[in-house]
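No experiment lies behind these values; they were computed from the predicted model shown.
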Amino acid sequence: MATGVSTLQRRREMAATTATSGAGRCRLSKIGASRRPPPARVRVAVRLRPFVDRTAGTSDPPCVRGIDSCSLEIANWRNHQETLKYQFDAFYGERSTQQDIYTGSVQPILRHLLEGQNASVLAYGPTGAGKTHTMLGSPEQPGVIPRALMDLLQLTREEGTEGRPWALSVTMSYLEIYQEKVLDLLDPASGDLVIREDCRGNILIPGLTQKPITSFADFERHFLPASRNRTVGATRLNQRSSRSHAVLLVKVDQRERLAPFRQREGKLYLIDLAGSEDNRRTGNRGLRLKESGAINTSLFVLGKVVDALNQGLPRVPYRDSKLTRLLQDSLGGSAHSILIANIAPERRFYLDTVSALNFAARSKEVINRPFTNESLQSPVLAPVKLSQKELLGPPEAKRARGPEEEEIGSPEPMAAPASASQKLSPLQKLSSMDPAMLERLLSLDRLLASQGSLGAPLLSTPKRERMVLMKTVEERDLEIERLKMKQKELEAKVLAQKAEDSKEKENHYPTMLRPLSHRTVTVAKPLKRAVVMPLQLIQAQAASPNVEIHILKNKGRKRKLESLDASEPEEKAEDCWELQISPELLAHGRKKILDLLNEGSARDLRSLQRIGPKKAQLIVGWRELHGPFSQVEDLERVEGITGKLMESFLKANILGLAACQRCDPS
């Protein structure tokens, strides 16, 4: 007994520690995220159904007993002398009615739909625990779905009457998730549907049928035939066991009748989950066994999602199942969620009951963050036809009128903008506006005012939008002023830098020549080559009176060169190399180049300066097509050899031939 008491005490301490950590986690989320929506914990209610066989209750005591309206206890299967206690938001015993469950847990969340927020109600529990009865009920005892639709339609009728600021409309969709397939119960022939997520994180199903409803009769006309399309089957534990998860989606759209014409959208999910099954007790075979496997898998993923949310894991496995993907708003999302856990009192359902209670205890720690789904829509104005002069701005209209009309025009029309500017002054200070923009705004305002009731004043915007416009205009004006000041500073810096540069040039280089007004583009000169000859050969050529020495003289290294007789210095014009070759040697070199062009092979041609393998092949090909060259200048006809290349070619090759002749006179 002491061991049991100590074990129970340790469990209570662990539960208290878990509750404290959860409370601290909630408190941190409120403080750390001031701009985020306020948190709303998933509310959990437990319903204990009565005994199915009235005679079994007298002989077999129940395994679950309620303590008060929020707590219950169940026998501990490890130690029969102890009990496990659970505390939830609400507990409904065997004698509770459908009305008690609806008014106590479901009805308070319907008001959030009119605020543009989402809400969801989930019925969870093992097979045969009464989930479908809780959600649908019977004609004598209606369940959550008919009661919620009746009250919701009544609320929308009251809020959407004439004279109220909002116009409301209600639509419904009904689907089931059968073996990981999303099927439309309102249109069974549509096939498997896909689940998507829009840019704002809202879960939607493209192609899902939506039926507008205005009364409870409209709801019954669509819902009752669709309910017969849901997949059910008989097992040992339940003659009409649900073989799929059913989801009823009710959407409430609100549109504001007056400016600023806001839109709100609230969605209500009413979900009847299929129960977890133990195939050893249900006796499932064949198709029923496959259905049971799909149900248990989706419920297992649902438990993983709850655990991931409680532990704060970075990845929540919503996408591992179609059910959890659809419940993404309900668990850890943006909905006010109610979980109704249904349990059975019989001892043969003990393990299923403990499992359902543990899941419910984990689910109540999940935090949602509901927010209002609201958007703005500008009103549609009547189309306005503008003339050509009004479509053009004042400068364009002035040019279109011509000088004659400009001289004839009187100053009286200019008084109209002044009177209109007093009327339009709430938007911004018109004195600071561009005159062209002001003229356009005034002309458009006069046209819209002439339309009467079809149009609205151009600048009669609400206070909030007017303040936003004023702030935007002021920010742009400040930005323009800042850019102008920055431009002036940069211009002043450039001028100061130029003045400093000019002073430095005058101080450091007083005798510097001014640059030419027109720059001349010079062509790159050929590379200079120096030929080294033996000293004996140079002396022999110098001793011979008939042989002229051809050398390259460097001109331009010095500005002034003294002559041999020490006369006045001679100024140099440019820095270059001057070629001095006798006419006989020049003619001899041209003849040798011409012979080589007409008789030489591609390899011989490559020995010439400025002739590579490609140009040598071009020369040989041209010679085969057009015959021999008549003169060296005919080389310009070959493709790829231009005039500049021809000039450098002649200079380089004649100089080379001259050097070769000096080295080898024979």
Side-chain angles (χ1 to χ4, degrees), residues 22 25-26 29 33 36-37 39-44 109 112 117-125 131 173-184 192-208 244-251 265-276 293-341 355-356 358-371 373:
R25 186 163 56 249
C26 297
S29 63
R36 300 177 63 186
R41 183 176 55 82
V42 175
R43 299 179 62 83
V44 178
I109 68 172
H112 298 295
Q117 299 181 2
N118 300 334
S120 61
V121 180
L122 298 88
Y124 180 87
K131 300 180 298 299
S173 303
Y174 198 24
L175 61 96
E176 71 171 353
I177 302 177
Y178 176 71
Q179 295 189 18
E180 289 301 305
K181 295 181 180 179
V182 180
L183 305 177
D184 190 355
D192 188 13
L193 303 177
V194 295
I195 302 176
R196 301 294 187 195
E197 183 176 358
D198 62 4
C199 58
R200 296 181 297 176
N202 298 323
I203 302 299
L204 50 89
I205 302 176
L208 184 63
S244 64
H245 308 292
V247 180
L248 176 64
L249 173 59
V250 182
K251 188 182 296 183
E265 181 185 82
K267 292 183 289 185
L268 174 63
Y269 294 91
L270 299 171
I271 305 165
D272 180 15
L273 298 175
S276 57
I295 293 170
N296 291 339
T297 300
S298 60
L299 294 177
F300 174 71
V301 176
L302 181 62
K304 288 172 57 178
V305 168
V306 172
D307 293 339
L309 291 172
N310 290 336
Q311 297 174 13
L313 298 181
R315 179 187 179 275
V316 181
Y318 287 116
R319 296 176 182 267
D320 292 358
S321 173
K322 295 288 185 66
L323 175 64
T324 53
R325 182 67 167 152
L326 191 61
L327 296 181
Q328 188 168 342
D329 283 341
S330 303
L331 296 174
S334 61
H336 297 271
S337 299
I338 300 293
L339 176 67
I340 303 177
S355 177
N358 290 335
F359 175 80
R362 299 197 307 271
S363 299
K364 71 176 183 179
E365 300 294 334
V366 175
I367 302 298
N368 292 349
R369 294 189 178 276
F371 59 87
N373 300 311

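Note that the NE2 atom of His245 and the CG atom of Asp272 stand 10.0 Å from one another [nearest 0.5 Å]. Annotation: the span from Leu313 atom CG to Lys304 atom NZ amounts to 11.0 Å, rounded to 0.5 Å. In this structure, the separation between NE2 on His336 and CZ on Arg43 is 11.5 Å, given to the nearest 0.5 Å. Residue Ile195 holds its CD1 atom at 8.5 Å from OG1 of Thr324, rounded to the nearest 0.5 Å. We find the CG-CD1 distance between Asp329 and Ile203 to be 6.0 Å, quoted to the nearest 0.5 Å.
Within the 4.5 Å cutoff, side-chain heavy atoms of Ile109 are placed close to those of Val121. By the 4.5 Å heavy-atom criterion applied to side chains, Ile205 and Leu326 are counted as neighbours. Side-chain contact check for Phe359 versus Leu302: some heavy-atom pair is nearer than 4.5 Å. Considering only heavy atoms from C-beta on, Arg41 comes within 4.5 Å of Ile367 through its side chain. Looking only at side-chain heavy atoms (C-beta outward), Leu249 and Leu175 stay at 4.5 Å or farther from each other.
What you find for Leu273 and Lys131 is that their closest heavy atoms are O-CE, 2.9 Å. For the residue pair Ala335 and Ser330, the shortest heavy atom distance occurs at CB-CA, 4.2 Å. Of all the heavy atoms in Ala308 and Pro317, the pair that sits closest is CB-CD, 4.0 Å. A pairwise comparison of heavy atoms in Gly332 and Tyr318 identifies CA-OH, 3.9 Å as the closest pair. Residue Lys251 comes nearest to Glu265 through the heavy atom pair CD-OE2, 3.5 Å, listed as atom of the first residue, atom of the second, then distance. Residue Ser298 comes nearest to Ile295 through the heavy atom pair OG-O, 2.8 Å, listed as atom of the first residue, atom of the second, then distance.
A donor-acceptor pair under 3.5 Å is absent between the side-chain atoms of Asn368 and the main chain of Ser334, judged by distance alone. Between the side chain of Glu180 and the main chain of Lys322, a donor-acceptor pair closer than 3.5 Å is present. Looking at Asp198, its side chain does come within 3.5 Å of a backbone N or O of Arg200 through a donor-acceptor pair.
The environment of CZ in Arg362 is crowded: more than 12 heavy-atom neighbours from other residues, nucleotides or ligands sit within 6.0 Å.
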CA sep, side-chain torsions, deciding dist, call: Val194, Val182, side-chain contact (heavy atoms from CB on, under 4.5 Å): CA-CA 7 Å; Val194 295; Val182 180; over 6 Å; no
Test log, rule side-chain contact (heavy atoms from CB on, under 4.5 Å), inputs Val301 and Leu323: CA-CA 9 Å; Val301 176; Leu323 175 64; over 6 Å; no
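Tested against Leu248 for a side-chain contact (heavy atoms from CB on, under 4.5 Å), the candidates Leu270, Leu268, Ile271 yield a single pass: Leu270. The side-chain contact (heavy atoms from CB on, under 4.5 Å) test with Leu122 singles out one residue from Ile338, Ile340, Leu327, and that residue is Leu327.
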